Amino acid sequence: MRYAILLLDAPYTSQASHSALRFTRALLARGHDVEGVFFYHDGVHNAARLAAPPQDEPHLVDSWAELAREHSVPLQVCIAAALRRGLLDEQEAARHGKLGASVAPPFELTGLGQLVDLGLRCDRLITFGP
Amino acid sequence: MRYAILLLDAPYTSQASHSALRFTRALLARGHDVEGVFFYHDGVHNAARLAAPPQDEPHLVDSWAELAREHSVPLQVCIAAALRRGLLDEQEAARHGKLGASVAPPFELTGLGQLVDLGLRCDRLITFGP
Amino acid sequence: MLLHTLNRPPTSQVLAQALAGMGPDDKLLLIEDGVIGALPAHREHFNRVAGRLYALQEDLESRGLLPLRDQAVRVVDVEGFISMTETCERTVSWY
Amino acid sequence: MLLHTLNRPPTSQVLAQALAGMGPDDKLLLIEDGVIGALPAHREHFNRVAGRLYALQEDLESRGLLPLRDQAVRVVDVEGFISMTETCERTVSWY
Amino acid sequence: MQDATSQAELMVILRHAPHGSSWLKEGLDVALVAAAFDRRVTLLFMGEGITALLEGQQAGPLGQKGTAPTLAMLEMYDIDNLLVEQRGMDELGLTSDQLMLPVTGVDDAEISRLVASHALVLNF
Amino acid sequence: MQDATSQAELMVILRHAPHGSSWLKEGLDVALVAAAFDRRVTLLFMGEGITALLEGQQAGPLGQKGTAPTLAMLEMYDIDNLLVEQRGMDELGLTSDQLMLPVTGVDDAEISRLVASHALVLNF
């Protein structure tokens, strides 16, 4: 089946990110297609490339990136939710006159229309909230 | 009187940051000393120098920085809470092998001991939570 | 005498926690989403703090709740909030 | 038939919202802090979904709740969770 | 794929009050975007989310706009199916003439039927 | 300033369950730091926070440690004043022999007296 994941909270603040990552890995292991993970609300913090958690805790940002690379899962970050929370890629940083970026591939900034599209196109959308 | 503020949630996620800023400004206008604003839990996101909110919304990160500069109020950010959430100054970025920084002065990364010290030293500590 | 602030509506269990922490002379100030508790329909939730219940004017106003509030709830603006933190020995925040 | 997930404990008003959204054949899966609802003391909160109540094994285990749970609550691991999302037409998350 | 005359596809459930958090705003944004892409949208206000519809809301003291201006634009987006949880209305002691837009009250049975009849249900 | 024999100065109230959020961990961190600076600390577990004390907790499926290992170290930090809200215990249907550490149950009146008698009370 074709699945989409919607993740609405930051890593290290609630368990949502852990649950979503574990669920997505198990989906892929079971042979399902994951057509996208959409990060919205505080979920955009999963794309924070500067996150430096203690070494004895799971590194969720790196884990999402690894999952995306290994399984070609798009990681779509709502651009409006990201900008106000300080998450910018190179292009948005330049546009807003900021030096440096806090989001890098495979995370991509995109519009909310992608969420609606994913949700209506896929067979299943599973939301993980705070 | 000597006041301290403890702020526990991010701007744009809850009203906590708005309430804390308004309260702190009013304290200063009334002639009180504000010996520190301590940012903990998701409150560390108030230090996100890359935040780019829409122009018709208050810019909370800039507002805190302005308040600190005008009134010499220390802005203390819990370093452990900040690192895991992707908020690093130049020094921490270098230490963790990350290119670029997401926190800049007047916000300063510091230990939790500062919070305990502030809370017990000042006449009043007022907490704003999510 | 302590000041307690509450920023959650009465549907939240945080209200019960705040009430548990309050002494017989302490005051309770509703702020942010907590001001929904100032609606007359919620009066019974605050029986234990009758006469010691306040709500922040700015937060009532922005939500359109100022004209709808229970008249038994005292309204204070941010200056009044600060004044309460001065008078009360300490402030405990419930969120 | 839909699957509903709930990640809040029974003290939260989100439980009532989830129950309002559930049809007569829908299933309710407790995850994360929601698994606190699997304690026998909370059984009455879930009368409306008796026989249709599940809890996620991993979340019970990490909290030490697996041996304490109400035996009427069915336990599923993450594979079982996925299997429920396959069988049920859609999944609605309450948080 | 897009059929503006079909049964509503997206149901957005709004459960948070204005000003206190960004949940309401970010939920409304999903509804507006879907409507802009010609999807039929149903909005359900539950619990404290109902207070989003109160008359007389204002900007916050720092100039925060809140969500009332967005709600006032819903009709322009052809979002006219506004439902409120009747139990929530009763618990808040509110009546529909205190709200800024015309709404339809629904009980638990109707809510569960609506949840089952939409292709996508998102909670905010 | 520091007098280890004085009345407890800091009261940390823990109201959140382990694993589900970082509130419990970040609240405990404040208590540990204060104790490391020779401040006398009282911990009060309220509501779901009480489940932090359950026996038999484990790491999460991604290796998240949770907070039980930290609680097991409290004695090393001379934090031995562990209180639990009795009403919360009753609502969860738990008894103290199901908990990993010795605790004292307190009712509302005692909680309000404790809140009034500490120089600093922080909620988590």
Side-chain angles (χ1 to χ4, degrees), chain A residues 8-18 39-65 77-104 107 109 129-130, chain B residues 8-18 39-65 77-104 107 109 129-130:
Chain A
L8 296 171
D9 205 16
Y12 314 112
T13 296
S14 81
Q15 195 186 341
S17 188
H18 299 85
F39 301 88
Y40 190 43
H41 194 259
D42 282 354
V44 299
H45 290 298
N46 284 275
R49 72 167 185 85
L50 293 170
Q55 298 202 335
D56 59 353
E57 289 181 24
H59 195 309
L60 290 155
V61 179
D62 287 356
S63 298
W64 283 116
V77 181
C78 172
I79 188 167
L83 288 182
R84 70 186 68 216
R85 289 173 173 86
L87 292 158
L88 288 72
D89 60 13
E90 295 284 357
Q91 189 181 337
E92 290 302 318
R95 196 205 310 250
H96 288 86
K98 309 263 184 187
L99 199 66
S102 42
V103 175
F107 292 94
L109 299 180
Chain B
L8 295 170
D9 205 17
Y12 314 111
T13 296
S14 80
Q15 195 187 341
S17 188
H18 298 86
F39 301 89
Y40 190 43
H41 194 259
D42 282 354
V44 299
H45 289 298
N46 283 276
R49 72 167 186 85
L50 293 170
Q55 298 202 336
D56 59 352
E57 289 181 24
H59 196 310
L60 290 156
V61 179
D62 286 357
S63 298
W64 282 116
V77 181
C78 173
I79 188 167
L83 289 182
R84 69 185 69 217
R85 289 173 174 87
L87 292 159
L88 289 72
D89 59 13
E90 295 284 357
Q91 189 181 336
E92 289 302 319
R95 194 204 312 248
H96 288 87
K98 308 263 183 186
L99 199 65
S102 42
V103 174
F107 292 94
L109 298 180

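Because the structure is a prediction, the values reported are computed rather than measured. Chain letters run A, B, ... following the sequence lines, proteins first, then strands; residues in each count from 1.
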- Query: Who are the ring pair (Phe, Tyr, Trp, His ring centres under 6.0 Å) partners of A:His18, not counting sequence neighbours?
  - Reply: none

- What's the shortest heavy-atom distance between B:Arg85 and A:Tyr12, and which atoms? NH2-O, 3.9 Å

- Note on the structure: For A:Asp9, the side-chain hydrogen bond (donor to acceptor under 3.5 Å, both in side chains) test, sequence neighbours excluded, returns A:Ser14

- Item | Residues of residues 50-57 of chain B with any heavy atom under 4.5 Å of a heavy atom in chain A | B:Leu50, B:Ala51, B:Ala52, B:Pro53, B:Pro54, B:Glu57

- Item | Region of A:Ala101 that comes under 4.5 Å of a non-hydrogen atom in chain B | backbone

- Residue-level contacts of residues 86-97 of chain B with chain A, using a heavy-atom cutoff under 4.5 Å: B:Gly86, B:Leu88, B:His96

- Taking all atoms of both residues into account, what is the closest heavy-atom pair of B:Lys98 and A:Arg49, and its distance? NZ-O, 3.3 Å

